[in-house]
Undergrad: 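Below are the structure tokens for one structure; questions will follow.
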Amino acid sequence: PAQGARGGELALARTISRWIRRATAPAPLLLVGGVAANGFLRQHLRETLPDYALHVAPPELSRDNAVGVAALGWQSLTRPGEDEQGGPKN
């Protein structure tokens, strides 16, 4: 069962990565909601979309889209020179 679940997760990750590439040129990209809460998916997107500036809400704030968007918006207003991990923005 675990192997099948991982296979499904990988298929979903690859599909989302392809959709992003087809939908937009490299640009800042905000991931929130359940997608952003999945560590495997987050890592896969970071690895397969290195030319996109991915901004990901912390997993504990990613279960609800509104919470994730609000948290990232608040962070950008209160710490405009830092990324979501507290490091300098590119």
Side-chain angles (χ1 to χ4, degrees):
Q3 205 171 14
R6 179 59 72 174
E9 199 173 31
L10 179 58
L12 178 63
R14 287 176 175 165
T15 299
I16 292 172
S17 182
R18 271 196 311 272
W19 285 350
I20 291 169
R21 286 206 177 278
R22 289 179 184 165
T24 182
L29 183 64
L30 176 63
L31 297 176
V32 295
V35 170
N38 182 300
F40 176 83
L41 184 56
R42 290 159 46 130
Q43 185 61 34
H44 180 82
L45 293 177
R46 286 189 192 282
E47 291 172 2
T48 60
L49 300 171
D51 45 344
Y52 287 75
L54 295 179
H55 302 279
V56 185
E60 64 273 10
L61 299 177
S62 297
R63 293 176 187 97
D64 179 302
N65 283 343
V67 171
V69 170
L72 285 173
W74 176 255
Q75 177 180 318
S76 71
L77 291 172
T78 59
R79 298 185 312 191
E82 297 179 4
D83 68 10
E84 67 273 3
Q85 281 84 35
K89 286 187 177 177
N90 295 335

Undergrad: When rounded to the nearest 0.5 angstrom, what distance separates CD in Gln43 from CD in Glu47?
TA: 4.5 Å
Undergrad: Can a donor-acceptor pair be found, under 3.5 Å and without considering hydrogens, that links the side chain of Ser17 to the backbone of Ala13?
TA: no
Undergrad: Do Arg21 and Asp51 have side chains that get closer than 4.5 Å, going by heavy atoms?
TA: yes
Undergrad: Are the side chains of Leu31 and His55 in contact, using a 4.5 Å heavy-atom criterion?
TA: no
Undergrad: Can you tell me how far CD of Glu9 sits from CG of Asn38, rounded to the nearest 0.5 angstrom?
TA: 4.5 Å
Undergrad: Mind checking the CG-CG spacing from Leu54 to Leu30? Nearest 0.5 Å is all I need.
TA: 10.0 Å
Undergrad: Between His44 and Ile16, is there a side-chain heavy-atom distance shorter than 4.5 Å?
TA: no
Undergrad: Examine distances only and state if a side-chain atom of Tyr52 and a backbone atom of Leu45 form a donor-acceptor pair shorter than 3.5 Å.
TA: no
Undergrad: Just verifying a value: how many Å separate Leu49 CG and Leu29 CG, rounded to the nearest 0.5 Å?
TA: 7.5 Å
